[in-house]
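Please read all numbers here as calculations on a predicted model, not as lab measurements. The figures here come from the full heavy-atom set of this structure, side chains too, leaving out hydrogens, waters and symmetry mates.
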Amino acid sequence: MKKNWLTKLDYRIPLEVMVGATLALYLIQQIGFYELLSEKVFIVSTLLTFLGLILGLLSTSLMLLVMNLILISTGAFLLYFDPVIMITKIKLLLIFVIPMYSVIAFFIKRTLYVRKLILFREEDIHSYLKFRDPLTGYRTIDSFFSKYPEFIESLSNTNQESSRLVVVSLFYVDFYIQYFDRNQKAADQMVREMAERLLQTRNPEELFFYLKNGAFIVLSTIYDNEIERIKFEKRNELTKSSLSEIVFTTEQVQNITIRKSDCYISRKTTYTADQVLDYLYRRSETDLAIEYI
C-alpha cells in the first residue's frame, strides 16, 4: 500500500526536530515582538500563537484546512479594513500566526499518534512477524502448530459422506540445501515462484504455510467420501506438476524435483501437529522411492 505525502513527511522529519523547531520559532517570535510591539499587541500575538497550537493539535486534516482559510480571511479583513495602527509587516505576520503554528502542531500530533499506535500494537506486530514468513508472506510453522488444533476441533465426530476431513499436504524441493548453497538469491526466487504457483493452483479457502528449506504445507478440508478424495488427489498432482515446471536459474538453468505427500485426518485422530509433519516427510520419501523404481 502506497503512503500518502503526509505520512512520508512524518517519516522524514523526526518528532524531536519538529518540537525543537517549534520552540525555537516561538522563542524568536516572543523576543522580537517584546521589543517591537506594545503590551496589548504582544499579549494578543501570544494568545494567537497559543490558539494556533491548540487548533493544530485538535484538528483533522480537512478541518485544519477549512479553519485556516477562515482564520486567514478573517484576520486579513480585520487588519486591513479596520483602522488598526500597526506596521504592515507585523500585520502580515499576525495574519499567518495561527495557520503556521496550527500546521506545525498538526504534524507533531500525527507523529505522536503514529508512535502511540505502534506502541499499543507492538504485541500484534511481534505476533505477525512470528507467524508470517518474510520471503513468501505465508504463515510459518509456528502458525501451523496454532491452526492445526483449530481445524481438528471443527470436525464432526460422525463418519458420514457429509462430514469433513482435514487434509495436510506437503510439497518441497528435493535437495533444496544444495540449491541454497550454490546461489541464495536464486533459491529465494525459486521459493517465491513456488508460493505464487500455489496461489494459482489451490483453492482460496486453503491455508498455506512455509516451513523453510523449500517446504510448503497446505491445510485443506474436504468431504469424507471417495469422490472428494479422488478430486483432491488430482488437485495435489496438478500442484506438483505446476511446481515441477519451476526452474533454478543461475548461470545455467536447472530443473527442480518436487516431492509431495498428504495425510487425511478425522476428528478421531490422535496425531499431533509434530506427528503429522513426521508422517508427511516419511511419505514423501516413499514418493521419492516410487519415482526411482
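Rounding to the nearest 0.5 Å places CZ of Phe209 at 11.0 Å from CG of Asp142. Here the OG-CG distance, from Ser266 to Asp224, works out to 7.5 Å after rounding to the nearest 0.5 Å. In this structure, CG on Asp133 lies 7.5 Å from OG1 on Thr140, to the nearest 0.5 angstrom.
Between Asp188 and Leu135, the closest side-chain pair of non-hydrogen atoms falls below 4.5 Å. Residues Ile246 and Met190 are in side-chain contact: their nearest non-hydrogen atoms beyond the backbone lie under 4.5 Å apart. Between Val167 and Ser169 there is a side-chain heavy-atom pair separated by less than 4.5 Å. The side-chain heavy atoms of Asn213 and Tyr172, taken from C-beta on, include no pair separated by under 4.5 Å. The side-chain heavy atoms of Arg164 and Tyr223, taken from C-beta on, include a pair separated by under 4.5 Å.
Of the possible donor and acceptor atoms, one in the side chain of Ser261 sits under 3.5 Å from a partner among the backbone N and O of Leu280. In this structure a side-chain-to-backbone donor-acceptor pair under 3.5 Å is missing from Glu228 to Asn225. In terms of modelled atom types and a separation under 3.5 Å, the side chain of Ser242 and the main chain of Thr239 share no donor-acceptor contact. Asn203 places no side-chain N or O within 3.5 Å of a backbone atom of Glu205 that could act as its donor or acceptor partner.
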- Task: Applying side-chain contact (heavy atoms from CB on, under 4.5 Å), run through Glu206 and Arg235 and close with a yes or a no.
- Result: CA-CA 12 Å; Glu206 294 177 302; Arg235 192 190 313 161; 3.1 Å; yes
- Item | Verdict with reasoning, Lys260 to Glu237, per salt bridge (Lys or Arg N to Asp or Glu O under 4.0 Å) | CA-CA 9 Å; Lys260 80 168 181 66; Glu237 286 295 334; 3.4 Å; yes
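Within 6.0 Å of atom CD1 in Ile230, more than 12 heavy atoms from other residues, nucleotides or ligands are found, so the atom counts as buried in its surroundings. Within a 6.0 Å sphere centred on OH of Tyr271, heavy atoms belonging to other residues, nucleotides or ligands number 12 at most. No more than 12 heavy atoms of other residues, nucleotides or ligands sit less than 6.0 Å from atom CD of Gln252.
In the hydrophobic cluster analysis, where Ile, Leu, Val, Met, Phe, Trp and Tyr join through side-chain heavy atoms closer than 4.5 angstrom, Tyr264 is grouped apart from Leu277. No path of Ile, Leu, Val, Met, Phe, Trp and Tyr side chains, each step under 4.5 Å between heavy atoms, connects Ile217 with Leu238, placing them in separate hydrophobic clusters. Both Tyr176 and Leu198 belong to a common hydrophobic cluster when Ile, Leu, Val, Met, Phe, Trp and Tyr are linked at side-chain heavy-atom distances under 4.5 angstrom.
Checked against the 6.0 Å centroid threshold, Tyr210 and Phe216 count as a close aromatic pair. Aromatic ring centres of Phe248 and Tyr179 lie closer together than 6.0 Å.
A cation-pi arrangement is absent between Arg202 and Phe208 under the rule of less than 6.0 angstrom and at most 45 degrees off the ring axis.
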